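Here the structure comes first, spelled out in structure tokens, and everything after it is commentary.
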Amino acid sequence: MKGNFPVQEFERLTTPFYAYDIGLLGRTLQTINESAHEEFFCVEYAIKANHNPVLLKQISAAGLGADCVSGAEIKRAVECGFEPRKITYAGVGKRDDEIILGLEAGIGCFNVESLEEIEVISQIAAKMNLVAPIALRINPDIDAHTHHYITTGLAENKFGIAKEWLDLAVDKVLSLPALKLKGLHFHIGSQVLDNEPFGILCDRINEFQDHLESRGIKILSINVGGGLGIDYDHPDENPIPDFEGYFEMLRTRIKLRRGQSLHCELGRSVVAQCGSLISRVLYVKSGVNKKFLIVDAGMTDLIRPALYGAHHIIENITASNKEEDVETYDVVGPVCESSDVFGIDESLPVTHRGDLIALRSAGAYGEVMSSGYNLRSLYPSYYY
Ligand SMILES: *Cc1c(COP(=O)(O)O)cnc(C)c1O
């Protein structure tokens, strides 16, 4: 066994496949529950990060809610044991049939992203003789120059309702009998490693609350969204993100009113470190000035490097070389795209055809973003 991987088991399997460290997921969930122990915390898992049923069942069993972005995700969440009242449905483009599905399932909240959507949900709920619980996703318009990695909380993008329209949106929801105003929802972006952007969001939320209160409007819940980042460079040293610091910051910086609940929607930080993509080396190809490891996993199996320029730590998990026998390789996939590259100038033990490599920290936005391009497919996942 090398590192934490059951390499001998892996040797028997057909690659490429995802391997999930279920024990690590369990410890991560325990840390979340201990760090957010107060009644008012409602932690939801953002299913879009990974909708694998094995993981979902473990996450629902730990008591988390689910943040869904499609009707199919709502269905999957219910099938995997999430209580409907702990399910939130978000997204800028909800179809009528998905709204109906959410209402029929009795989900806890619709996070609404436009004035137009408020009308549509109201009409559908009225026709079904139901009252739809609504949170308004407000775009907090946090300064991009201070925090360049905040990409979804800026003034002009497709997400959320402009903060200038907060009053208009609130009044609209309150005027429609088929809607119940539950709260305000925010989300500033993803892979945020510094707590301060969340702190700035908290300050902004306090201002919104003060303003609404001055108008005599009470809200029941605040939802700060997701986005907590993970340490892609040190998966073994930092397998579990700093949930304690994150929840402590929320606890101290948001002025929660009596009886209010504080929701968050964590995706990546829950599942990223427990997943690895396991692949076999097909060829060690000598270029003119370079050596390439051509592996049997590609961008169709893990698209983050090609899509965002992301880097996942690459390890040879079968090489038995001594430490000093290292070589520099470009690690590439078999797909007919020049962006199908996992790493440039990777320093690895001298590697041979048939060796297994692990692409670490791939549990979030990995398996779920795989595609059938080139008619490729992944092999069944492994759990250990
Ligand atoms: C993507 C998304 C999340 C989860 O983001 P992570 O970075 O994976 O934590 C939560 N809320 C909303 C609204 C999202 O779009």
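As the structure is a computational prediction, the values presented were derived from the model and not from experiment. When reading the values below, keep in mind they use all heavy atoms of this one structure, side chains included, and skip hydrogens, waters and symmetry mates.
- No more than 12 heavy atoms of other residues, nucleotides or ligands shown are found within 6.0 angstrom of NZ on Lys75.
- Atoms CD and CD1, on Glu11 and Ile317 in that order, are 8.0 Å from each other to the nearest 0.5 Å.
- Hydrophobic clustering, with ILVMFWY side chains joined whenever heavy atoms are under 4.5 angstrom apart, keeps Tyr246 apart from Ile230.
- Each of Leu174 and Val131 belongs to its own hydrophobic cluster when Ile, Leu, Val, Met, Phe, Trp and Tyr are linked at side-chain heavy-atom distances under 4.5 angstrom.
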What's the verdict on side chain to side chain contact (heavy atoms under 4.5 Å, CB included) for Asp330 and Val341, showing C-alpha distance, side-chain angles and the deciding distance?
-> CA-CA 8 Å; Asp330 282 9; Val341 175; 5.6 Å; no

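- Shown here for Gln260 and Ile222, the closest heavy-atom pair between the two residues is OE1-CG1, 4.1 Å.
- Annotation: side chain of Val224 is not in contact with side chain of Phe186 (no heavy-atom distance under 4.5 Å).
- For the atom pair CE (Met249) and CD (Glu244), the distance works out to 13.5 Å, reported to the nearest 0.5 Å.
- Contact of the Phe82 side chain with the Cys68 side chain is not registered, since no non-hydrogen atoms from C-beta on lie closer than 4.5 Å.
- Summarising the geometry of Glu113 relative to Gly91, their closest heavy-atom pair is OE2-N, 3.4 Å, with the distance given to 0.1 Å.
- Evaluation of the ring pair (Phe, Tyr, Trp, His ring centres under 6.0 Å) test over residues 32-65, restricted to residues two or more places apart or in two chains, returns Phe41-Phe247.
- Residues Val271 and Ile59 have side chains in contact (heavy-atom distance under 4.5 Å, counting atoms from C-beta outward).
- Ala66 approaches Ala77 most closely through the heavy-atom pair CB-CB, 4.0 Å.
- Remark: side-chain polar atoms of Arg360 are not paired, donor with acceptor, to backbone N or O of Pro235 under 3.5 angstrom.
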For the pair Glu327 and Lys291, evaluate side chain to side chain contact (heavy atoms under 4.5 Å, CB included) and give the outcome as yes or no after the intermediate values.
-> CA-CA 9 Å; Glu327 180 70 89; Lys291 281 194 169 166; 3.5 Å; yes

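- Annotation for Pro6 and Tyr382: closest pair CG-CE2, 3.7 Å, computed over non-hydrogen atoms.
- In this structure, Ile357 CD1 and Tyr329 OH are separated by 11.5 Å, a value rounded to the nearest 0.5 Å.
- Counting side-chain heavy-atom gaps under 4.5 Å among Ile, Leu, Val, Met, Phe, Trp and Tyr, Ile313 is found in no cluster with other residues.
- At a cut-off of 3.5 Å, with distance as the only test, no side-chain donor of Asn111 or Thr88 sits close to an acceptor on the other residue.
- Between Glu44 and Asn223 the shortest side-chain heavy-atom distance falls below 4.5 Å.
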Please report the C-alpha distance between Glu98 and Ile74 in whole Å, then the side-chain angles of each, then the deciding distance to 0.1 Å, and finally whether the side chain to side chain contact (heavy atoms under 4.5 Å, CB included) criterion is met.
-> CA-CA 9 Å; Glu98 295 175 304; Ile74 297 173; 6.0 Å; no

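- Atoms CD1 and NE2, from Ile138 and His185 in turn, are 10.5 Å apart once rounded to the nearest 0.5 Å.
- In this structure, Lys180 and Leu220 have side chains that are in contact, with non-hydrogen atoms separated by less than 4.5 Å.
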Donor-acceptor contacts under 3.5 Å from residues 365-372 side chains, at least two apart:
unit_1	atom_1	unit_2	atom_2	d
Glu367	OE1	Tyr20	OH	2.5
Glu367	OE1	Asn52	ND2	3.4
Glu367	OE2	Ser381	OG	3.3
Ser370	OG	Glu367	O	2.8
Ser371	OG	Tyr373	N	3.4

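- Heavy-atom contacts from other residues, nucleotides or ligands closer than 6.0 Å to NZ of Lys290 number more than 12.
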Criterion salt bridge (Lys or Arg N to Asp or Glu O under 4.0 Å) on Arg27 and Glu34, from CA distance to verdict = CA-CA 10 Å; Arg27 292 192 295 282; Glu34 284 167 6; over 6 Å; no

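- A salt bridge is defined here as a Lys NZ or Arg NE, NH1 or NH2 lying under 4.0 Å from an Asp or Glu carboxylate O, and Lys172 with Glu119 meets this definition.
- Under the 4.5 Å side-chain heavy-atom criterion for grouping Ile, Leu, Val, Met, Phe, Trp and Tyr, Ile294 is not connected to Ile303 through any hydrophobic cluster.
- A side-chain contact (heavy atoms from CB on, under 4.5 Å) with Val43 holds for exactly one of Leu262, Leu29, Leu266; it is Leu266.
- Looking at Asn238, its side chain never comes within 3.5 Å of a backbone N or O of Asp231 through a donor-acceptor pair.
- The closest side-chain heavy-atom distance from Leu184 to Leu212 is below 4.5 Å.
- Taking 4.5 Å as the limit, some side-chain heavy atom of Asn206 sits within range of a side-chain heavy atom of Ile254.
- Legend: side chain to side chain donor-acceptor pair (under 3.5 Å) pairs involving residues 120-135, not counting sequence neighbours: none detected.
- Note: Tyr384 and Phe10 have perpendicular aromatic rings, judged against thresholds of 30 and 60 degrees for the angle between ring planes.
- In terms of the salt bridge (Lys or Arg N to Asp or Glu O under 4.0 Å) criterion, residue partners of Arg215 (sequence neighbours excluded) are, by chain and number, Asp167, Asp171.
- The hydrophobic clustering, which links ILVMFWY residues whose side-chain heavy atoms are closer than 4.5 Å, places Leu25 and Leu277 together.
- Between the side chain of Asn50 and the main chain of Gly363, a donor-acceptor pair closer than 3.5 Å is present.
- Leu136 and Leu168 fall within a single hydrophobic cluster, where Ile, Leu, Val, Met, Phe, Trp and Tyr side chains are chained together by heavy-atom contacts under 4.5 Å.
- Looking at Lys163, its side chain never comes within 3.5 Å of a backbone N or O of Phe208 through a donor-acceptor pair.
- Heavy-atom minimum distance, Pro380 versus Phe17: O-CB, 3.4 Å.
- Remark: the backbone N or O of Leu228 is not paired with any side-chain donor or acceptor of Gln191 at under 3.5 angstrom.
- Using a distance-only test at 3.5 Å, with no hydrogens or angles considered, a donor-acceptor pair links the side chain of Tyr18 to the main chain of Asp301.
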Check step by step if side chain to side chain contact (heavy atoms under 4.5 Å, CB included) holds for Val281 and Asn316.
-> CA-CA 9 Å; Val281 176; Asn316 183 326; 5.7 Å; no

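- Contact record, Arg376 with Pro16: NH2-CG, 4.4 Å, taken as the closest heavy-atom pair.
- Checking side-chain atoms of Asp355 against main-chain N and O of Thr318 turns up no donor-acceptor pair under 3.5 Å.
- Side-chain contact between Glu315 and Asp236 is present, with heavy atoms from C-beta onward closer than 4.5 Å.
- Here the straight-line distance linking atom CG of Leu378 with atom CD1 of Ile278 works out to 11.5 Å at 0.5 Å rounding.
- Figure legend: cation-pi geometry between Lys94 and Tyr89, with NZ or CZ positioned under 6.0 Å from the six-membered ring centre and within 45° of its axis.
- With rounding to the nearest 0.5 Å, the separation of CD in Glu73 from CD1 in Ile47 is 5.5 Å.
- Note on residues 263-317: pairs passing ring pair (Phe, Tyr, Trp, His ring centres under 6.0 Å), not counting sequence neighbours, are Tyr232-His312.
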